[in-house]
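Numbers here are sequence positions counted from 1.
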Amino acid sequence: MEESFMVSVFDAHKDNLQFVWPSIVCSIQNASFIAVDCELSGLGSRKLINSQAVDDRYKNISEVAKTRSIISLGLSCFKLSECEKTLNFSVQTFNFMALCAEDFLVEPSALQFLVTHGFDFNKQYSQGVPYNRGNDTSVKGKSKKNTWDLRDLFTVMVSAKVPLVLHNGLVDLVFLYQNLYADLPTKLSSFLADLEMMFPSGIYDTKFVAEFSLRTSASFLEYIFRSHQVKNINLKNSCRPHVICNHTLIESDFVDFWDCSPRLQHEEDMEICTNYINHGFCNSASNCKKSHDVYRAVLLEEQKKTKKRKRKDESQVVSFEASHVMSIIESPRQERFRGHRAGHDAFMTGFCFASFIAQRSSTSLENVYAVCWKNLVDRIVDVRNRVCLSGKDFPLVIQKSAFSKCSKSHLEKYERLFPGL
């Protein structure tokens, strides 16, 4: 029975982090790629963080990262397993409750969004893993460290040298650097040089992929996730390379199950809210009288494309709905969490990336799996190290220029992490 979308998520906090730490490290180090998402205490002025000049945009986001904090971190580790005519991934997803140990600003709009989607602030302040922003407060000595925190987690991510995948990742990259790595460089060029050195296997942005490669009609995370689910179903039905996710976390009291399987809401007679479907939000919120069913909107869009291609079987996508819902209902694992978590977004981001790779695999099933993971990633080199810039028709390229240097803080830390390199 396929359970790709009954996602198991480990709820990590200060009371269990040391216990689960070896498993987290093993999951990251053995991953083919990792997907990350951050929940933040605020973003500041939207006008400033979307400044026309890219250098100004970086400067303004940097100021926000120095005054706000990460309140939750999602991590989803995807490992390509031995292939049996599918892109079969073992997936382990973690949700880390974070608590900055320094003063930070909190924006009401950010808190309202999170509360509306089930975020538990009582748990954050009572069980959040504490961390300090900026440079390391002390240089590690020769004694072995026996407690681990989120800065160590990010160090493991850098040390693993695996591809890093995000959605609309510029803000997350700036926050991760300032909050869990070192003080941000003053110049954007140095920041980009640091990132290229920190993640030599590449950084990928699923929003950039959606807007510049796939050209989807909308590019917010839920829309492209549902779109990839539909495409993955079609690839499976046509016996082409597709993605299967096996969630391999061992069940425990700290593991919740989140059901994100594709199913229609009971809103067939309601008009689709174009504002929500195009942008991922609606000013009317719960008072809106129109449908916010993203999956139905994706199906309708797919049907329009089918008609344009003059395909005879226009019901292929929709016909899968009932059987897939049946398989989820029959699953022995029942959903134990409803709401929004960074871990959920991390998994959705990772699935979108895996599905994109499957779509790019144009060779036959027999030949696709004779190649290694590196060869699969080499087929998407055109989207590597390119991060989406909102409101721009070009991406931010993560690359060290001939006139830029890595920052002093990064070089000093990198030398401590990897002596002699």
Side-chain angles (χ1 to χ4, degrees), residues 5 7 9 31-40 43 46 49-50 57 61 65 70-78 89 91 93-96 110 113-114 117 154 157 162-177 195 199 202-232 243 245 258 260 276-281 294-295 298 340-359 377 380 382-392 395-398:
F5 303 116
V7 184
V9 182
S32 301
F33 69 89
I34 58 176
V36 174
D37 180 78
C38 298
E39 298 291 356
L40 311 173
L43 288 173
R46 299 302 189 273
I49 66 173
N50 291 318
R57 186 176 297 198
I61 298 174
I70 297 173
I71 61 177
S72 181
L73 177 66
L75 169 67
S76 198
C77 304
F78 284 68
F89 288 92
V91 183
T93 302
F94 304 88
N95 190 84
F96 300 88
F113 170 82
L114 291 170
H117 291 82
F154 191 70
M157 295 182 195
V162 297
L164 174 66
V165 185
L166 311 104
H167 181 79
N168 201 14
L170 178 57
V171 172
D172 282 355
L173 287 169
V174 173
F175 265 82
L176 288 168
Y177 192 113
L195 289 177
F199 297 99
I203 295 173
Y204 298 85
D205 187 337
T206 54
K207 186 175 178 69
F208 169 78
V209 171
E211 291 189 357
F212 289 83
S213 182
L214 298 178
R215 305 289 180 177
T216 56
S217 57
S219 60
F220 63 94
L221 181 56
E222 185 183 1
Y223 186 92
I224 67 168
F225 174 65
R226 296 303 185 189
S227 178
H228 278 289
Q229 283 184 315
V230 170
K231 291 175 182 176
N232 198 57
V243 174
C245 296
W258 172 55
C260 59
Y276 186 85
I277 298 305
N278 290 334
H279 307 290
F281 68 89
V294 176
Y295 184 53
V298 170
H340 179 86
R341 285 185 175 178
H344 299 171
D345 285 356
F347 168 74
M348 289 195 292
T349 300
F351 176 80
C352 291
F353 182 68
S355 175
F356 175 65
I357 290 178
Q359 293 171 48
V377 175
I380 58 169
D382 57 309
V383 299
R384 172 176 169 155
N385 284 351
R386 285 162 173 78
V387 175
C388 190
L389 290 171
S390 298
K392 299 289 187 181
L396 178 66
V397 180
I398 299 174

So do the side chains of [X] and [Y] get within less than 4.5 Å of each other, counting heavy atoms only?
X      : Y      : result
Val36  : Met157 : yes
Thr93  : Arg341 : no
Leu75  : Phe96  : yes
Asn50  : Arg57  : yes
Val171 : Leu40  : yes
Asp345 : Glu39  : yes
Phe356 : Thr206 : no
Leu73  : Leu176 : yes

State, to 0.1 Å, how close [X] and [Y] come at their nearest heavy-atom pair, and which atoms those are.
X      : Y      : value
Ser32  : Pro163 : O-CD, 3.2 Å
Thr216 : Ala218 : OG1-O, 2.6 Å
Ala346 : Ala35  : O-CB, 3.2 Å
Val91  : Ser76  : CG1-OG, 3.5 Å
Ala210 : Ile224 : CB-CG2, 3.6 Å
Ile70  : Cys38  : CD1-SG, 4.2 Å

### Message
Classify the ring geometry of Phe78 against Phe33: parallel below 30°, tilted from 30° to 60°, perpendicular beyond 60°.
### Response
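If you compare the ring of Phe78 with that of Phe33, the planes turn out parallel.
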
### Whether Phe212 and Phe208 hold their rings parallel, tilted or perpendicular, with breakpoints at 30° and 60°
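If you compare the ring of Phe212 with that of Phe208, the planes turn out parallel.
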
### Phe351: ring pair (Phe, Tyr, Trp, His ring centres under 6.0 Å) partners, not counting sequence neighbours
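Result, ring pair (Phe, Tyr, Trp, His ring centres under 6.0 Å) vs Phe351: Phe5, Phe225.
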
### Query
For Tyr177, what residues pass the ring pair (Phe, Tyr, Trp, His ring centres under 6.0 Å) criterion, not counting sequence neighbours?
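Tyr177 satisfies ring pair (Phe, Tyr, Trp, His ring centres under 6.0 Å) with Tyr181, Phe191 only.
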
Roughly how far apart are [X] [atom1] and [Y] [atom2], rounded to 0.5 Å?
X      : Y      : atom1 : atom2 : result
Ile380 : Tyr204 : CD1   : OH    : 4.5 Å
Asp37  : Thr349 : CG    : OG1   : 6.0 Å
Leu214 : Cys352 : CG    : SG    : 9.5 Å
Leu43  : Phe175 : CG    : CZ    : 6.0 Å
Glu211 : Cys388 : CD    : SG    : 4.0 Å

Report yes or no: does [X] contribute a side-chain atom to a donor-acceptor pair with the main-chain N or O of [Y] at less than 3.5 Å?
X      : Y      : value
Gln229 : Cys260 : yes
His228 : Met348 : no
Asn168 : Lys207 : no
Asn385 : Ile203 : yes
Arg386 : Arg384 : yes

### Query
Leu396 pairs by side-chain contact (heavy atoms from CB on, under 4.5 Å) with which of Leu173, Asp205, Leu389?
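When Leu173, Asp205, Leu389 are each tested with Leu396, the side-chain contact (heavy atoms from CB on, under 4.5 Å) holds only for Leu389.
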
